[in-house]
There are 2 protein chains.
Amino acid sequence: MATAEPRFTRNQPDVRRRKLIEATAQCLAEFGHAGTSVRAVAAKAKVSPGLVAHHFQGIDDLIVATYDHVGRRVAEALGEAMEAAPKDAESQLRAFIEASFKPPVLDRDLLAIWLSFWSLVRRDPGVRKVHKKVYTDYRCRLEALIADIARARRFKIDAHLAALGFTAMLDGLWLELCLDPTIFSREDALRIAHAWVDDLIAGGFRALALRPR
Amino acid sequence: MATAEPRFTRNQPDVRRRKLIEATAQCLAEFGHAGTSVRAVAAKAKVSPGLVAHHFQGIDDLIVATYDHVGRRVAEALGEAMEAAPKDAESQLRAFIEASFKPPVLDRDLLAIWLSFWSLVRRDPGVRKVHKKVYTDYRCRLEALIADIARARRFKIDAHLAALGFTAMLDGLWLELCLDPTIFSREDALRIAHAWVDDLIAGGFRALALRPR
DNA sequence: TCCGTTATTATACAGTTGTACAACAAGCAG
DNA sequence: CTGCTTGTTGTACAACTGTATAATAACGGA
């Protein structure tokens with residue numbers, strides 16, 4: 001008698017975890033937070049529902065892992081764009097902007113993941129910690145670039161505050177653009193962000209240098 | 001025999017709807033999107049679950065109505081702050097900023113409602129329409145003020161783009177501040193926003209005037 | 001005082017949720 | 001080829017979900 005087809009294939013825990021994470025990302029994109037259950041994820045990954053509980057504490061844990069995973073991918077995409085650009089701070093900043101407003105960063109599916117994650121931040125201290133780290137890392141890269149530009153051009157600025165403002169603006173533009181791309185265009189967002197850099201270089205935001213931290 | 005205590009009190013439909021909306025807001029704040037069900041809202045409003053279905057199509061419809069309601073309240077809070085300020089455009093803009101970063105606008109509970117609503121935008125065209133209107137109204141007020149300032153100071157600027165950028169920055173600061181108030185402070189947000197206005201008045205964002213819409 | 005309207009309740013139903021558990025079997029070590 | 005580890009399955013369970021339904025009763029108008 002011929003050897004029967006294996007009814008399932010065993011995976012290393014980390015491999016299986018990654019597959020479940022990717023299935024979760026697809027579920028969030030396709031069905032939203034409400035439609036993303038243990039069973040939905042298991043179906044998408046073509047495994048039994050019980051397996052999810054075996055690798056993760058629950059659906060919330062899975063969403064956090066998904067955020068962590070795609071967060072890393074986003075950071076990589078931004079990092080690669082910067083590596084491909086000239087090494088001066090202004091070019092780096094502009095490369096960062098360009099990468100922020102095109103796939104895979106500008107992506108409706110990504111927003112669905114972000115929204116789910118944000119809704120967990122309030123109740124779970126562990127989630128809050130992950131958010132803090134991701135957000136702070138992200139902002140620190142911009143802070144360093146802004147400080148570089150100010151140093152090269154020999155003007156004073158509170159790079160910390162400036163980076164907070166710039167980050168907030170990028171986030172706000174990204175959010176609204178993902179929510180509804182018909183209100184304004186990707187090109188609008190690019191012009192606005194680049195204009196902010198123009199203004200920074202021209203010595204704008206002088207008020208942010210009055211009380212350095 | 002004494003008249004028995006009425007087992008329930010009848011309300012006019014719009015009164016009951018408002019009570020259910022307020023109960024929904026409390027549920028979203030307390031339990032998040034996942035914990036806000038028809039039954040949870042009914043329990044919070046101390047009515048039977050069936051009543052929710054009698055006044056609203058479902059939980060999504062209720063969340064949209066809640067967004068509409070609190071959205072109006074936020075707009076009122078901002079409007080009142082501006083009415084209390086001097087009538088010149090700069091003062092109006094600064095009053096708008098101050099009101100944006102204190103209760104009832106800066107409020108964790110408000111963010112919970114916003115997050116739930118945003119997660120509905122993608123799938124429901126009706127929700128998308130409401131979002132578009134609220135967001136556009138909000139931004140138009142700022143656009144008018146920015147255009148006023150530019151006109152008074154006799155410099156050119158694309159007020160539409162500038163308002164988009166300013167709105168995005170305010171939204172981004174508001175979002176992060178509600179998510180986790182320990183990363184930066186309300187005062188930081190205020191300084192950043194006011195610095196943006198300082199810069200605008202000083203003739204910043206000249207790049208935004210190059211290709212007026 | 002009675003009557004009609006309809007807001008409200010209470011209940012039933014089918015479907016879905018998260019979680020637990022015992023049985024199973026794939027793949028590796030010997 | 002054998003045995004062990006453990007990734008994986010399938011199922012059972014109680015709690016919950018949205019929705020529909022008929023019965024109830026509050027309240028205003030006659």
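Here is the naming used below: chain letters follow the sequence lines, and residue numbers restart at 1 for every chain. Please read all numbers here as calculations on a predicted model, not as lab measurements.
Put simply, CZ on A/Arg17 is 12 Å from P on D/dG7, counting in whole angstrom units. D/dT5 atom P lies 17 Å from atom CD of A/Gln12, rounded to whole Å. To the nearest angstrom, C1' of C/dT17 lies 18 Å from CZ of B/Phe31. Spacing between atom CG of A/Asp60 and atom C1' of C/dT19 amounts to 14 Å, rounded to whole angstrom units. When the C1' atom of C/dA7 is taken as reference, atom CZ of B/Phe56 falls 14 Å away, rounded to whole Å. Rounded to an integer number of Å, the gap from B/Ile59 CD1 to D/dT17 P is 10 Å. Rounded to an integer number of Å, the gap from A/His33 NE2 to C/dT17 P is 13 Å.
Between C/dA7 and B/Arg16, no contact under 4.0 Å exists linking OP1 or OP2 to a side-chain N or O. Distances shown here put every side-chain N or O of B/Arg39 at or beyond 4.0 Å from the OP1 or OP2 atom of D/dC16. Residue A/Ser37 places at least one side-chain N or O closer than 4.0 Å to OP1 or OP2 of C/dT17. In this model, the phosphate group of D/dT6 is not approached by any side-chain N or O of A/His54 to a distance below 4.0 Å at OP1 or OP2.
Ranking D/dG18, C/dG18, C/dT8 by closeness to the B/His55 side chain, first place goes to C/dT8. Comparing D/dT9, C/dG27, C/dG18 against the side chain of A/Leu51 picks out D/dT9 as the nearest. Considering only the side chain of B/Ser48, C/dT9 comes nearest among C/dT9, C/dT8, C/dG18. The side chain of A/Val38 approaches C/dG18 more closely than any other nucleotide in the set D/dG18, D/dC27, C/dG18.
Taking the centre of each ring, A/Tyr67 and A/Trp114 come in below the 6.0 Å mark.
B/Lys87 contributes a side-chain N or O that, together with a main-chain N or O of B/Ala85, makes up a donor-acceptor pair within less than 3.5 Å. B/Trp174 places a side-chain N or O within 3.5 Å of a backbone atom of B/Val105 that can act as its donor or acceptor partner. Between the side chain of A/Arg122 and the backbone N or O of B/Phe31 there is no donor-acceptor pair closer than 3.5 Å.
Taking the six-membered ring for Trp and thresholds of 30 and 60 degrees, B/Tyr138 and B/Tyr135 have ring planes inclined between 30 and 60 degrees apart.
In terms of position along DNA chain C, the nucleotide closest to A/Ala34 lies nearer the 5' end than the nucleotide closest to the other residue of the pair A/Ala34 and A/Gly50.
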